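Fair warning: this is a prediction, and the values are worked out from it, not measured in the lab. Reminder, nothing fancy here: chain letters follow the sequence lines and each chain counts from 1.
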2 protein chains.
Amino acid sequence: MRQAHHPEAGQITLTGVMAALSDPIRVGLVRVLADGRERGWGELRAPVAKSTLSHHLRVLRDAGLTRTRQEGTRCFVILRRTDLQARFPGLLQAVLAAAEDEDVGHQVGVKDAGWPA
Amino acid sequence: MRQAHHPEAGQITLTGVMAALSDPIRVGLVRVLADGRERGWGELRAPVAKSTLSHHLRVLRDAGLTRTRQEGTRCFVILRRTDLQARFPGLLQAVLAAAEDEDVGHQVGVKDAGWPA
DNA sequence: TTCGATGTTCGTGAAACATCGAACAAGCTA
DNA sequence: TAGCTTGTTCGATGTTTCACGAACATCGAA
């Protein structure tokens with residue numbers, strides 16, 4: 001649970017991003033994060049074991065799509081919109097639109113009502 | 001060498017396209033075809049064995065990125081720009097721009113001077 | 001029909017990937 | 001300190017991918 005590695009914006013590669021987005025679960029995760037809000041790990045819902053979810057989040061992080069922050073024993077994930085837009089203008093938008101259209105990764109979501117009332 | 005299968009425009013999937021574009025050689029092939037011209041198989045140059053090149057072209061075709069046409073014993077490939085634009089507006093453009101910027105698949109090209117003089 | 005050119009398919013390995021459960025590490029809390 | 005929570009890492013397993021050379025199929029030309 002040590003601080004994970006994040007590539008710099010300039011080191012994000014096209015093929016890396018494409019590979020990361022070639023899995024429906026990861027696309028679903030990106031969709032969940034698309035609103036720009038930071039999400040807690042435990043808030044994320046996906047139909048896989050937690051070790052597998054951890055793996056997918058790692059792939060997204062390594063590809064430079066997300067950033068992970070530690071806080072005590074739990075961690076939070078956020079989409080690197082700005083970095084992605086700078087490196088690959090329009091790409092994220094196009095992917096998100098297509099993902100919405102196809103409803104890719106619909107099985108992924110967030111635990112409803114993170115904040116009470 | 002029978003007629004290969006091509007998915008219809010509506011059957012092209014986002015993850016399929018992403019997976020197809022997660023390999024530098026295939027991105028290079030798409031770049032070569034990006035001008036919209038139809039290319040002969042033998043015109044294409046890539047640093048792999050011909051069976052491997054055949055494999056990559058098959059992946060692109062199966063993903064719906066290209067269309068292959070037979071003519072006698074040789075075949076021609078063309079990028080399905082219109083279908084892609086209809087299904088995933090802006091995606092191809094964004095990918096091509098990013099690929100140019102990074103020079104992904106620079107090892108792929110065409111045999112120079114297909115037409116004499 | 002025989003030959004040559006052009007791609008595809010097959011058989012095979014090596015590497016990468018997705019997935020799981022179990023074990024582990026690190027930080028709160030009692 | 002002991003225990004709980006939260007993720008990560010490990011090891012195993014099965015699938016997929018990439019790569020090659022060899023064999024094959026198909027067509028045009030001699």
Side-chain angles (χ1 to χ4, degrees), chain A residues 1-6 13 15-30 38-63 65-78 104-105 107-108 110-111 114, chain B residues 1-6 13 15-29 33 38-63 65-78 104-105 107-108 110-111 114:
Chain A
M1 221 142 141
R2 69 181 160 294
Q3 189 53 14
H5 167 255
H6 293 87
T13 69
T15 51
V17 169
M18 300 309 259
L21 294 177
S22 66
D23 182 290
I25 298 235
R26 290 195 292 261
V27 173
L29 289 168
V30 169
E38 186 176 60
R39 296 290 185 176
W41 207 107
E43 215 178 332
L44 302 171
R45 286 286 165 270
V48 291
K50 64 174 185 171
S51 54
T52 305
L53 180 55
S54 183
H55 161 67
H56 284 307
L57 286 171
R58 178 161 154 63
V59 171
L60 288 174
R61 191 176 56 220
D62 288 351
L65 283 160
T66 60
R67 193 179 294 283
T68 296
R69 180 175 65 83
Q70 302 271 144
E71 192 175 306
T73 152
R74 66 186 72 177
C75 65
F76 299 86
V77 196
I78 191 171
V104 182
Q107 335 113 40
V108 181
V110 287
K111 191 198 254 172
Chain B
M1 218 144 141
R2 70 180 159 293
Q3 189 54 13
H5 168 254
H6 292 87
T13 69
T15 51
V17 169
M18 300 310 261
L21 294 177
S22 67
D23 183 291
I25 298 231
R26 289 195 292 260
V27 173
L29 289 168
L33 297 169
E38 187 175 60
R39 296 291 186 175
W41 206 107
E43 216 179 330
L44 302 170
R45 285 286 165 272
V48 291
K50 66 174 183 170
S51 55
T52 304
L53 180 55
S54 184
H55 160 69
H56 283 306
L57 287 172
R58 176 161 153 63
V59 172
L60 287 174
R61 191 176 58 222
D62 288 352
L65 282 159
T66 60
R67 194 180 294 283
T68 295
R69 181 175 65 84
Q70 302 272 144
E71 192 175 305
T73 154
R74 67 185 71 176
C75 65
F76 298 87
V77 197
I78 191 169
V104 183
Q107 334 114 39
V108 180
V110 287
K111 190 198 249 171

Looking across every strand, which nucleic acid part, if any, lies under 4.0 Å from His55(A) by heavy atom: base, sugar-phosphate, or nothing? base
Keeping Arg26(B) on the side-chain end and Ala20(B) on the backbone end, is there a donor-acceptor pair under 3.5 Å? yes
Interatomic distance, [X] [atom1] vs [N] [atom2] [rounded to whole Å]:
| X | N | atom1 | atom2 | value |
| --- | --- | --- | --- | --- |
| Arg58(A) | dC10(D) | CZ | P | 9 Å |
| Leu44(A) | dT8(D) | CG | P | 11 Å |
| Arg45(A) | dG7(D) | CZ | C1' | 14 Å |
| Glu71(A) | dC28(C) | CD | C1' | 13 Å |
| Phe76(B) | dC27(D) | CZ | P | 15 Å |
| Asp62(B) | dT17(D) | CG | C1' | 13 Å |
| Gln70(A) | dT8(D) | CD | P | 7 Å |
| Lys111(A) | dG7(D) | NZ | C1' | 14 Å |

So which nucleotide does [N] pair with, by the Watson-Crick or G-U wobble rule with both distances under 3.5 Å?
| N | answer |
| --- | --- |
| dT8(D) | dA23(C) |
| dA15(C) | dT16(D) |
| dG28(D) | dC3(C) |

Side chain proximity check, [X] to [Y], heavy atoms < 4.5 angstrom:
| X | Y | result |
| --- | --- | --- |
| Leu57(A) | Leu44(A) | yes |
| Arg39(B) | Ile78(B) | no |
| Leu21(B) | Thr15(A) | no |
| Trp41(A) | Glu43(A) | no |

Contacts of Thr52(A) and Leu57(B) projected onto DNA chain C by closest heavy atom; the upstream (5') one is Leu57(B)
Using the closest heavy atom to pick a nucleotide of DNA chain C for each, name whichever of Ala19(A) or Lys50(A) lands nearer the 5' end. Ala19(A)
Check whether any side-chain N or O of [X] sits under 4.0 Å from OP1 or OP2 of [N], and answer yes or no.
| X | N | answer |
| --- | --- | --- |
| Trp41(B) | dT8(C) | yes |
| Arg26(B) | dC18(D) | yes |
| Thr73(B) | dG28(D) | no |

Counting side-chain heavy atoms from CB outward, which of [options] is closest to [X]?
| X | options | value |
| --- | --- | --- |
| Arg74(A) | dC20(C), dG7(D), dT8(C) | dG7(D) |
| His56(B) | dC20(C), dT8(C), dC18(D) | dC18(D) |
| Asp23(A) | dA18(C), dG7(D), dA19(D) | dA18(C) |
| Ala49(B) | dG7(D), dG21(D), dA19(D) | dG21(D) |

Return yes if the base of dG21(D) and the side-chain atoms of Ser51(B) contain a donor-acceptor N/O pair under 3.5 Å, otherwise no. yes
Between Arg67(B) and His6(B), is a side-chain hydrogen bond (donor to acceptor under 3.5 Å, both in side chains) present by the stated rule, with each step listed? CA-CA 7 Å; Arg67(B) 194 180 294 283; His6(B) 292 87; 4.9 Å; no
